[in-house]
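What follows is a short report on a single structure.
Just so it is clear, the values below take in all heavy atoms, side chains as well, and ignore hydrogens, waters and symmetry mates. When a residue number appears, it is its place in the shown sequence, counting from 1.
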Amino acid sequence: MEGLSYLFLLLENLALKGTAVQSTTFSGCVATKAIDGIRYAPGTAHTYCSHTGYELNPWWRLDLLDYYYIYKVTITNRGDCCLEQTTGVEIRIGNSLVNNGNNNPRCAVTSPVPAGSTVSFSCGGMEGRYVNMYIPNIQKHLTLCEVEVYGTAKKQVIRVQVKAAENVDEAELKTLVLNKLNQTLSDKDVMLTWRMQPNGKVFQKNKTVPKQSPVCSSLK
């Protein structure tokens with residue numbers, strides 16, 4: 001038997017604990033609508049998305065209220081129209097509020113997000129308190145139907161030692177470990193990082209969040 005060391009990152013949607021503001025607000029679509037835990041689903045008339053006015057350099061900022069390592073940011077787009085409102089958005093993460101936080105290091109830039117779709121961006125453990133959505137150097141609206149930020153505080157890292165045969169199959173080991181995690185962590189997202197064999201790969205188990213409610217009225 002060989003002792004294998006694992007590093008478990010217990011990821012949760014940190015956005016649900018934070019507060020949000022944005023550069024301007026259109027038609028009552030306030031910044032906090034993007035962190036209400038409700039992904040947009042087309043076909044209803046309610047307003048569940050944040051929406052800035054038509055302006056130069058629109059931005060939206062999430063304050064996580066503490067310092068975290070950010071591994072993934074997920075954005076859900078509106079499903080009725082105006083896909084350009086979530087195109088070219090710079091995701092910035094850091095601890096500075098210079099330029100409203102828009103000067104912090106960049107994790108990713110969004111490509112066109114299909115109507116009503118959810119896309120995720122890997123941020124590799126960037127450290128920060130603030131997560132910004134920023135569209136620089138252009139005049140337009142910024143709409144976000146849901147923003148999810150998955151990460152961990154340093155104190156949430158758990159190390160365990162697992163005994164396994166030297167010739168254990170990688171798929172078997174993955175299944176065994178994740179099944180055990182399911183028993184106690186069924187309501188969380190778990191990212192499993194191997195510190196030893198097999199091959200330093202990273203596996204991720206994502207909690208499935210059903211699509212729910214929608215946006216503000218159509219605006220082009």
* **Whether H51 and H141 hold their rings parallel, tilted or perpendicular, with breakpoints at 30° and 60°** => perpendicular
Any sub-3.5 Å donor-acceptor pair from [X]'s side-chain atoms to [Y]'s backbone N or O?
X    : Y    : answer
N104 : S96  : yes
N13  : Y150 : no
D63  : Y130 : no
T25  : V30  : no
E146 : G37  : yes
N95  : R129 : yes
S23  : W59  : yes
E12  : L14  : no
N100 : N102 : no

* If every non-hydrogen atom of N132 is compared with every non-hydrogen atom of G101, which pair is closest and at what distance? -> ND2-C, 3.4 Å
* Compare every heavy atom of W60 with every heavy atom of Q22, then report the nearest pair and how far apart it is. => OE1-CD1, 3.6 Å
* Looking only at the SG atoms, are C29 and C49 under 2.5 Å from each other? -> no
* Are R106 and E90 ion-paired here, with the side-chain N under 4.0 Å from a carboxylate O? -> yes
* With F121, the side chain to side chain contact (heavy atoms under 4.5 Å, CB included) member among I70, T74, V89, I91 -> I91
